[in-house]
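Working notes, structure below.
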Amino acid sequence: QAQLVESGGGLVQAGGSLRLSCVASGRSIFSINDMGWYRQAPGKQRELVATITRGGSTNYDDSVEGRFTIARDNAKNTVYLQMNSLKADDTAVYYCNAKITLDITSKYRSSEVWGQGTLVTVSS
């Protein structure tokens, strides 16, 4: 079993910055592969924000390119999302995601894990 715990959400004014963190934990984790951030605003579908591979290759949605930066610390099983120049349209619940290989009773299983979400509110 694996869990993702997010932190860093809150209220910020437009133009400000915020940093989200997500820590993966679980006694059966064999490896943590791709990690990413997604968001869902009221009345809208969940959308990709950014992803990062274990080797550090990143991918961003066009709406956040140049403003957000995703990073990870493999030693701490943690992924970060640095959000700068925040806009009102960035207001959403942000979800952490990880693709994890589990080692359960000597069997390797792939699993996609989601965090519970953290609310980011940008006021204008």
Side-chain angles (χ1 to χ4, degrees):
Q1 190 69 256
Q3 292 180 315
L4 303 179
V5 179
E6 300 143 325
S7 62
L11 175 64
V12 65
Q13 292 185 340
S17 298
L18 208 60
R19 191 190 193 199
L20 307 182
S21 299
C22 172
V23 181
S25 63
R27 60 184 179 181
S28 297
I29 294 177
F30 177 76
S31 65
I32 302 176
N33 307 309
D34 293 354
M35 303 185 78
W37 290 94
Y38 296 75
R39 67 186 181 186
Q40 186 168 20
K44 299 173 65 177
Q45 292 184 323
R46 183 186 65 184
E47 64 180 10
L48 180 145
V49 177
T51 60
I52 184 169
T53 68
R54 183 171 181 84
S57 180
T58 60
N59 180 62
Y60 297 92
D61 183 77
D62 290 342
S63 65
V64 305
E65 183 76 44
R67 299 189 299 119
F68 291 9
T69 301
I70 188 171
R72 64 189 291 170
D73 186 336
N74 292 336
K76 296 181 178 180
N77 293 339
T78 301
V79 62
Y80 306 94
L81 184 67
Q82 178 67 48
M83 304 183 292
N84 299 325
S85 301
L86 283 162
K87 307 174 181 179
D89 288 345
D90 295 319
T91 295
V93 177
Y94 284 70
Y95 296 93
C96 180
N97 174 269
K99 295 180 179 179
I100 299 174
T101 299
L102 303 175
D103 182 0
I104 305 176
T105 61
S106 300
K107 293 184 178 296
Y108 298 114
R109 303 177 183 178
S110 297
S111 180
E112 188 170 11
V113 184
W114 291 89
Q116 293 182 334
T118 183
L119 177 63
V120 173
T121 302
V122 184
S123 63
S124 59

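What you are looking at is a predicted structure, and each value in this text was computed from that prediction instead of being measured.
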Ignoring hydrogens and geometry, is there a side-chain-to-backbone donor-acceptor pair from Glu6 to Gly117 under 3.5 Å?
yes
Measure the shortest side-chain to side-chain distance between Glu112 and Asn97 over non-hydrogen atoms and say whether it is less than 4.5 angstrom.
yes
Is Asn77 reaching over with its side chain to a backbone N or O of Ile32, donor-acceptor style, under 3.5 angstrom?
no
Could you tell me whether a side-chain N or O of Arg67 sits under 3.5 Å from a main-chain N or O of Met83, the two making a donor and an acceptor?
no
Just by distance, do the side chain of Arg72 and the backbone of Asp34 share a donor-acceptor pair under 3.5 Å?
no
Under a single-linkage definition using a 4.5 Å side-chain heavy-atom cutoff for Ile, Leu, Val, Met, Phe, Trp and Tyr, are Val113 and Val79 assigned to the same hydrophobic cluster?
yes
Please assess Leu102 against Ile29 for the test side chain to side chain contact (heavy atoms under 4.5 Å, CB included), listing each intermediate value before the final yes or no.
CA-CA 5 Å; Leu102 303 175; Ile29 294 177; 4.3 Å; yes
Shared hydrophobic cluster, Ile70 / Tyr94 (ILVMFWY, side-chain heavy atoms < 4.5 Å):
yes
In this structure, CG of Asp61 is separated from CG of Leu48 (nearest 0.5 Å) by 6.5 Å
Do side-chain atoms of Thr58 reach the backbone of Ile52 as a donor and acceptor pair under 3.5 angstrom?
no
Please report the shortest heavy-atom distance between Ala14 and Ser124, naming the atom on each side.
CB-CA, 4.4 Å
Give the minimum heavy-atom separation between Ala98 and Leu4, together with the two atoms involved.
N-CD1, 3.8 Å
Using a cut-off of 6.0 Å, state whether more than 12 heavy atoms not belonging to Gln116 lie near its atom CD.
no
Side chain of Gln82, backbone of Thr69: donor and acceptor closer than 3.5 Å?
no
Side-chain donor or acceptor of Tyr80 paired with backbone N/O of Asp73 under 3.5 Å:
no
pair Val12-Val122: side-chain heavy atoms closer than 4.5 Å:
yes
For the atom pair NZ (Lys99) and OG (Ser110), what is the distance rounded to the nearest 0.5 Å?
9.5 Å
Drop me the distance from Trp37's CH2 to Leu20's CG, to the nearest 0.5 angstrom.
4.5 Å
OG/Ser123 to CG/Leu86 distance, rounded to the nearest 0.5 angstrom?
10.0 Å
Just so I know, are the side chains of Arg39 and Val120 near enough to count as touching, which here means a heavy-atom distance under 4.5 Å?
no
OG/Ser25 to CD/Gln3 distance, rounded to the nearest 0.5 angstrom?
5.5 Å
At what distance, to the nearest 0.5 angstrom, does OG of Ser7 lie from CZ of Arg19?
9.5 Å
Side chains of Phe30 and Ile104: does their closest heavy-atom pair fall under 4.5 Å?
no
Starting from Ile100, can I reach Val23 by hopping between I/L/V/M/F/W/Y residues whose side chains sit under 4.5 Å apart?
no
Measuring only between side-chain heavy atoms, which start at C-beta, is Leu18 closer than 4.5 Å to Phe68?
no
Mind checking whether Trp114 and Tyr95 have parallel, tilted or perpendicular rings, split at 30° and 60°?
perpendicular
